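Small disclaimer: the values here were computed from a predicted structure and weren't measured. The residues of the chain are indexed from 1 along the displayed sequence.
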Amino acid sequence: MAFGTLVQYLKQVESAISNNEGDLLAALVSFQHLHIHNQKLWVDFEGQCQKFLENPYDEMIAAHIRCAMAVSNGDMMEAYACQGVVTQSFLKAFQAQKEENWAIPVLKRVVSDLRQFALKAEASLVRSKSRRKPGEMLEKAADLIMSCFRVCVSDSRTALEVSKRVGTPTLVNQLFKIYFKINTLHLCKPLVRAIDGSDIKDHFTKAQFVTYKYFVGKKDMFDSDFKAAAESLEFSFNCCYISSQRNKRLILIYLIPVKMLLGYMPKPELLEKYDLLEFEDVRRAVSQGNLLLLSQTLRKHEAFFIRFGIYLILQKLKIISYRNLFKKVLGPHTTLDVVSLAGSNPTDGTSAIISFLQLRVVGGYSSAASEGI
């Protein structure tokens with residue numbers, strides 16, 4: 001699609017709306033389409049939008065063109081504000097549609113662009129050393145996307161083939177991306193409940209469900225529910241497209257620590273294949289019960305582990321290292337008298353031992369004649 005003039009562009013938009021062509025309209029408001037670079041669309045567009053399009057589509061397209069102009073000028077705050085108007089205007093039209101969901105592709109496009117512009121607006125605020133609260137743009141974007149989510153989930157009495165509910169997977173995944181970015185993971189739980197309590201999860205595309213399980217697995221990991229995290233992350237990894245090496249690597253960055261905490265060490269070939277050699281010395285240290293090597297490795301790759309939010313998770317591997325150390329020194333079937341080990345003044349090391357006793361990773365007993373722990 002190429003547009004020489006504003007009128008040609010608006011006629012295409014009008015045709016897409018009149019004929020319920022969601023994919024075409026999505027392309028016409030996408031920032032991945034070539035029309036955003038056509039400055040001929042920027043002349044007298046407000047009046048022309050009102051002439052060719054009904055409300056709220058006239059507001060939506062006018063805001064889209066203003067957004068393109070802001071992007072061209074490098075003004076990401078203005079671009080984000082305009083994309084917010086695009087989303088709000090679209091939501092008015094979308095909500096008014098009854099027993100039809102042809103505009104779902106448009107919904108996916110506008111909320112995805114909204115999140116991207118929110119990220120760029122946040123970056124511009126950082127560069128300008130603004131005193132505004134970090135994450136504020138993303139929070140506002142999440143509020144708008146949540147409004148779209150409510151419209152979709154409330155369309156529960158319509159047959160699924162024409163229901164807006166089929167738009168919820170995209171919205172949930174977009175919200176997950178924002179909540180993890182601004183560290184508001186508690187807001188993920190209502191979304192998971194909404195999906196688990198409906199039949200919509202049976203209608204996710206493969207790519208959508210892989211993304212969904214990836215974020216659910218991460219949430220479970222940070223909630224210390226490692227078995228549930230392993231289940232979700234393994235599903236995501238196994239079902240991720242083979243060609244998506246970058247995504248498979250990202251999943252492994254969280255799956256590997258979870259599996260290690262459950263006692264399963266990654267194979268060196270896996271770490272080499274996905275360029276995750278940061279975990280190689282962690283694997284060796286835990287397997288050998290080498291606490292010194294583990295501490296040195298965590299310090300060496302501290303920036304990498306912190307970047308992905310797994311540094312504190314990996315600290316928990318010290319418990320598994322203690323277990324492997326005791327098995328190595330005392331044998332795998334040794335029973336430990338923890339109180340005798342502790343003496344009269346328990347230390348941090350003893351606390352760690354008690355922790356892994358509670359996790360049932362090594363056997364032990366407390367002599368009834370000794371002081372309680």
List in chain and number order the residues that pass side-chain contact (heavy atoms from CB on, under 4.5 Å) with [X], two or more places apart in sequence or in another chain; answer none if no residue qualifies.
X      : answer
Lys108 : Ile104, Thr170, Gln208
Ala63  : Arg66, Val85, Val86
Ile36  : Phe31, His64, Ala68
Arg150 : Met146, Ser147

(request) Give the ring-plane orientation class for Phe180 versus Phe215, where under 30° counts as parallel, over 60° as perpendicular and anything between as tilted. (result) tilted
(message) Within the structure provided, determine whether Met77 and Arg132 are in side-chain contact (heavy-atom separation under 4.5 Å).
(response) yes
(request) Measure centre to centre between the rings of Phe52 and Tyr57, then say whether the value is under 6.0 Å. (result) no
All pairs passing salt bridge (charged side-chain N to carboxylate O under 4.0 Å, His left out) where [range] contributes a residue, at least two apart:
range            : result
residues 16-36   : none
residues 68-97   : Glu59-Lys92
residues 152-164 : none
residues 256-275 : Glu234-Lys259

(message) Run the salt bridge (Lys or Arg N to Asp or Glu O under 4.0 Å) test on Arg299 and Glu302 for me, step by step, so that the C-alpha distance in whole Å, both residues' side-chain angles and the decisive distance to 0.1 Å come before the verdict.
(response) CA-CA 5 Å; Arg299 283 197 298 271; Glu302 182 178 27; over 6 Å; no
(request) For Tyr212, enumerate each residue passing the ring-ring contact (aromatic ring centres under 6.0 Å, His included) test, keeping only those at least two apart in sequence or located in another chain. (result) Phe176, Phe204, Phe209
Quick one: salt bridge (Lys or Arg N to Asp or Glu O under 4.0 Å) partners of [X], sequence neighbours excluded?
X      : value
Asp202 : none
Arg284 : Asp281
Glu139 : Lys133

(request) May I have the step-by-step check of side-chain contact (heavy atoms from CB on, under 4.5 Å) for Cys82 and Tyr80, ending in yes or no? (result) CA-CA 5 Å; Cys82 291; Tyr80 165 72; over 6 Å; no
(message) Do the side chains of Glu136 and Lys140 get close enough for a salt bridge, i.e. N-O under 4.0 angstrom?
(response) yes
(message) Any carboxylate oxygen within less than 4.0 angstrom of a Lys/Arg side-chain nitrogen, looking at Arg165 and Asp199?
(response) yes
Assess whether atom [atom1] of [X] is packed by more than 12 heavy atoms of other residues, nucleotides or ligands within 6.0 Å.
X      : atom1 : answer
Phe304 : CZ    : yes
Lys206 : NZ    : yes
Lys177 : NZ    : yes
Glu100 : CD    : yes

(message) Test side-chain contact (heavy atoms from CB on, under 4.5 Å) on Val106 and Met60; report intermediate values, then the result.
(response) CA-CA 12 Å; Val106 188; Met60 174 182 168; 3.9 Å; yes
Are the side chain of [X] and the backbone of [Y] linked by a donor-acceptor contact shorter than 3.5 Å?
X      : Y      : value
Ser236 : Ser232 : no
Ser163 : Ala159 : no
Asp225 : Asp220 : no

(request) Output, in order, the C-alpha distance, side-chain angles, deciding distance and verdict of side-chain contact (heavy atoms from CB on, under 4.5 Å) for Phe305 and Val282. (result) CA-CA 11 Å; Phe305 297 140; Val282 176; 4.1 Å; yes
(message) What verdict does the ring pair (Phe, Tyr, Trp, His ring centres under 6.0 Å) test give for Tyr254 and Phe237, after you've listed the backbone C-alpha separation in whole Å, the side-chain angles of each residue and the deciding distance to 0.1 Å?
(response) CA-CA 10 Å; Tyr254 300 97; Phe237 180 78; over 10 Å; no
(request) List the steps and the verdict of side-chain contact (heavy atoms from CB on, under 4.5 Å) for Leu28 and Leu24. (result) CA-CA 6 Å; Leu28 293 171; Leu24 175 57; 4.1 Å; yes
